[in-house]
Amino acid sequence: MVTATPQYLNYINGTWKPARLGSFVVNTNPATGETLGHVTVSSAQEVSEAVGAAKDAQVSWCKVPAPVRGEYLYKIGELLKQRKEHLARTLTSEMGKVIDEARGEVQEAIDMAFFMGGEGRRLVGQTVPSELPNKHAMSLREPVGVAGLITPWNFPIAIASWKTLPAIVSGNTVVWKPASDTPALAYEFVKIFEEAGLPKGVVNLVYGSGGTVGEAMVEHPDIDIISFTGSSDTGSQINARAGELFKRVSLEMGGKNAIIVMNDADLDLAVDGIIWSAYGTTGQRCTACSRLIVHKNVKAAIEERLLERINQLTLGDGLDEAVDIGPVVNSEALQHINAYMNVAKKDGATLLCGGHITREGPLANGHYFKPTLFTDVTNDMRIAHEEIFGPVLSLIPVNDLDEAIQVNNSVDYGLSSAIYTNDTNKTFKAMHELNSGLVYINAGTIGAEIHLPFGGTKATGNGHRDSGIAALDVFAEWKSVYIDYSQKLQRAQIDNN
Ligand code: NDP
């Protein structure tokens with residue numbers, strides 16, 4: 001196939017090559033409709049090939065001392081730093097987030113590389129006293145084996161770094177299927193692994209659809225763990241199948257995150273956090289704020305301030321530094337968001353601004369949706385419960401903190417919750433009673449740092465966490481070791497009682 005744009009090929013066992021099918025799909029810029037490249041389309045055959053390479057490589061990779069594995073991560077971190085601007089521009093071009101946020105996302109991968117590089121010298125286990133004399137008791141981390149990583153388009157390098165880096169520093173090898181919407185970033189990231197000198201087969205990249213490549217990964221008997229981030233529907237399917245196969249599975253999924261604003265809050269501070277959390281990344285963060293739970297006494301003041309700020313937001317190509325809100329990722333996402341406008345109106349919500357697709361002037365060829373605010377939303381409406389994944393915010397008035405917490409916790413998801421209050425008692429009550437993996441006090445629902453666990457409760461996750469040292473547990477088998485040097489039979493729970 002002859003083309004002026006780049007071709008994105010699989011990376012299997014240290015070699016870049018097209019899939020056998022010989023077909024390619026187009027990668028497009030959601031801001032402009034421009035063609036960015038062509039991506040090879042893989043089948044289960046390429047998955048098998050990549051898994052075979054990863055399995056072979058794991059035999060020697062797990063014997064490389066962990067501090068030496070960590071050194072590779074430092075090299076990866078250096079290369080990410082050197083290419084930060086190029087990576088950020090690639091990211092904005094293919095998924096739309098504004099350039100400043102793209103730089104922030106690349107920084108997250110840089111931070112993760114250095115943080116996990118350091119873990120190569122820790123990978124901490126436990127040494128504990130034995131209940132018997134002359135006996136030593138400890139626990140060790142062993143790699144799980146071959147890790148199958150399936151990632152979404154909305155954080156194409158941050159989430160990939162949360163999974164690949166703890167996996168490889170722990171001695172696992174990787175088969176990675178990135179989202180179909182973000183192939184260029186996946187290419188750039190894997191190129192960095194290659195240039196850092198990672199032995200062949202340690203990281204393998206297979207492009208293709210979730211239905212074909214993703215499912216083949218879940219089915220493959222030599223993939224020992226699936227780590228997935230994406231929608232709850234897909235995660236649930238993966239969980240069911242992986243359960244039947246007794247395969248370890250780590251899931252990070254959707255959110256229906258809320259900011260609570262109490263009547264004692266600093267309203268200007270709250271509005272800053274609401275605008276950033278609801279409309280940043282065009283509302284396409286798993287932690288985006290899509291519910292605003294407001295004490296009835298400050299509802300009118302919040303609405304007024306929000307409308308003023310929303311009207312100042314500029315839509316456009318995220319590469320333009322003056323733009324606040326980029327496009328949504330593709331036309332299906334645009335239609336999905338738009339469909340919720342009728343749902344909301346039918347359910348009786350009041351539209352205060354936005355509520356429609358826009359193709360004005362320079363936006364003609366992109367997928368743009370006006371920042372939208374609904375008010376007088378009640379907790380029985382669909383927009384109060386379903387993940388819309390766009391720049392749509394629903395204001396739900398409440399009478400007090402107890403009702404606010406009850407509304408916050410009433411959704412199926414449990415990723416991120418935030419509260420604005422200047423009352424210490426309310427702060428601590430909220431910190432303990434908000435049912436989500438992340439809680440922010442006097443800050444919006446977004447802003448996680450890489451050295452703490454990331455993930456959520458209920459339909460957001462299955463108990464595992466990405467990021468932080470908690471991510472190491474996803475990619476480790478715990479082994480408990482007892483060394484008895486008494487030179488006689490000692491029976492635990494019997495001889496010492
Ligand atoms: P999807 O679930 O559609 O896709 C996620 C990944 O899974 C993609 O790589 C996709 O491939 C793949 N996939 C799709 N179908 C299957 C299948 N049957 N078997 C295996 N893999 C499959 O989610 P989105 O891409 O729409 O991502 C947005 C979602 O991700 C939102 O719900 C968001 O909340 C969530 N998310 C959660 C985060 C968290 O940490 N909790 C962080 C970021 C996002 P393909 O691209 O080819 O379809």
Side-chain angles (χ1 to χ4, degrees), residues 25 27 39-44 47 94-95 97 105 108 148-163 175-183 185-186 205-220 223 226-242 247 249-257 281-290 328-330 332-334 336-337 386-390 411-416 436-438 445-446 448 450 453-468 470-471 474:
V25 289
N27 183 28
V39 193
T40 193
V41 178
S42 311
S43 68
V47 172
E94 73 175 347
M95 66 69 65
K97 74 174 59 168
E105 182 180 339
E108 211 168 322
L149 312 180
I150 302 176
T151 54
W153 48 266
N154 66 337
F155 278 85
I157 193 161
I159 291 174
S161 77
W162 294 357
K163 297 184 190 296
V175 175
W176 175 29
K177 189 210 103 55
S180 296
D181 281 307
T182 47
L185 223 285
L205 169 70
V206 183
Y207 288 114
S209 73
T212 303
V213 169
E215 285 188 18
M217 287 168 64
V218 176
E219 292 293 331
H220 202 291
I223 287 193
I226 294 283
S227 176
F228 166 84
T229 298
S231 63
S232 297
D233 284 348
T234 308
S236 162
Q237 282 174 42
I238 291 176
N239 203 26
R241 186 61 187 136
K247 189 169 288 200
V249 58
S250 162
L251 305 169
E252 292 299 341
M253 299 169 288
K256 188 70 188 173
N257 314 291
T281 326
T282 324
Q284 301 171 112
R285 288 190 186 224
C286 50
T287 51
C289 170
S290 63
V328 300
V329 69
N330 56 38
E332 293 79 33
L334 194 65
H336 171 83
I337 297 163
E386 296 175 19
E387 190 180 38
I388 300 171
F389 225 55
V411 293
D412 291 339
Y413 301 102
L415 185 52
S416 184
S436 51
L438 305 165
T445 51
I446 63 183
I450 61 98
F454 184 94
T457 60
K458 299 187 276 182
T460 295
N462 65 339
H464 293 283
R465 291 291 185 269
D466 276 345
S467 198
V474 171

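We count ligands from 1, going down the list as the structure has it; atoms in each ligand are counted the same way. Along the sequence shown, residues carry numbers from 1. Predicted model, so just to flag it, every value in this text is computed and none were measured.
Listed by chain and residue number, E105 satisfy the salt bridge (Lys or Arg N to Asp or Glu O under 4.0 Å) test with K97 (two or more places apart in sequence, or in another chain). For F389, the ring-ring contact (aromatic ring centres under 6.0 Å, His included) criterion is met by W153, not counting sequence neighbours.
Counting atoms of ligand 1 from 1 in the listed order, those under 4.0 Å from a heavy atom of G208 are 47 (O). Of all atoms in ligand 1, numbered sequentially from 1 with element shown, those under 4.0 Å from a heavy atom of E215 are 17 (C), 18 (N), 19 (N), 20 (C). Set against the non-hydrogen atoms of Q237, the atoms of ligand 1 under 4.0 Å away are 18 (N). For ligand 1, the atoms closer than 4.0 angstrom to any heavy atom of I159 are 42 (C), 43 (C). Of all atoms in ligand 1, listed by their number and element, those nearer than 4.0 Å to a heavy atom of W153 are 24 (P), 25 (O), 26 (O), 27 (O).
Contacts with ligand 1 closer than 4.0 Å are made by side-chain heavy atoms of I238 only, the backbone lying farther away. Counting heavy atoms closer than 4.0 Å to ligand 1, residue N154 contributes side-chain atoms (C-beta onward) but none from N, CA, C or O.
In this structure, the separation between NE2 on H220 and CD1 on I226 is 10.5 Å, given to the nearest 0.5 Å. In this structure, CD on Q237 lies 11.5 Å from OG on S232, to the nearest 0.5 angstrom. Taking CD1 from I150 and CZ from F228, the interatomic distance works out to 7.0 Å, rounded to the nearest 0.5 Å. Taking NE2 from H336 and CD from E387, the interatomic distance works out to 7.5 Å, rounded to the nearest 0.5 Å.
By heavy-atom distance, the residue among G210, G461, A448 lying nearest atom 17 (C) of ligand 1 is G210. In the candidate list G230, P152, S209, G230 is nearest to atom 30 (O) of ligand 1, counting heavy atoms. Summarising the contacts of atom 5 (C) of ligand 1 with L251, T229, L149, L415, the nearest heavy atom is found in T229. Atom 7 (O) of ligand 1 has its nearest heavy-atom neighbour, among F454, F228, F155, in F228.
Protein heavy atom nearest atom 36 (N) of ligand 1, with residue, atom name and distance: C286 CB, 3.4 Å. At the top of the distance list for atom 12 (C) of ligand 1, counting protein heavy atoms only, stands I150 CG2, 3.6 Å. Atom 11 (O) of ligand 1 has as its closest protein heavy atom K177 NZ, 3.0 Å. Here the protein heavy atom with the shortest distance to atom 47 (O) of ligand 1 is S180 OG, 2.5 Å. Regarding atom 41 (N) of ligand 1, its nearest protein heavy-atom neighbour is M253 O, 2.7 Å. Protein heavy atom closest to atom 28 (C) of ligand 1, with residue, atom name and distance, is F389 CE2, 3.7 Å. Distance from atom 16 (C) of ligand 1 to its nearest protein heavy atom, with residue and atom name: T234 CG2, 3.3 Å. Among protein heavy atoms, atom 32 (O) of ligand 1 sits closest to E387 OE1, 2.7 Å.
Checked by distance only, ligand 1 and S231 come closer than 3.5 Å through their nitrogen or oxygen atoms. Residue S232 has no N or O atom closer than 3.5 Å to an N or O atom of ligand 1.
Remark: side-chain polar atoms of N257 are paired, donor with acceptor, to backbone N or O of S416 under 3.5 angstrom.
T229 and K163 share a side-chain donor-acceptor pair at under 3.5 Å.
Across every non-hydrogen atom of H464 and S250, the tightest pair is CB-OG, 3.5 Å. Residues L415 and G254 come closest through the heavy atom pair CB-O, 4.3 Å.
At least one side-chain heavy atom of F454 sits less than 4.5 Å from a side-chain heavy atom of C286. Counting heavy atoms from C-beta outward, L205 and P178 have side chains that approach closer than 4.5 Å.
Judged by the shortest distance from any of its heavy atoms, T151 lies inside the 4.0 Å radius around the atoms of ligand 1.
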Walk me through it: do E252 and W162 pass the test side-chain contact (heavy atoms from CB on, under 4.5 Å)? CA-CA 11 Å; E252 292 299 341; W162 294 357; 6.0 Å; no

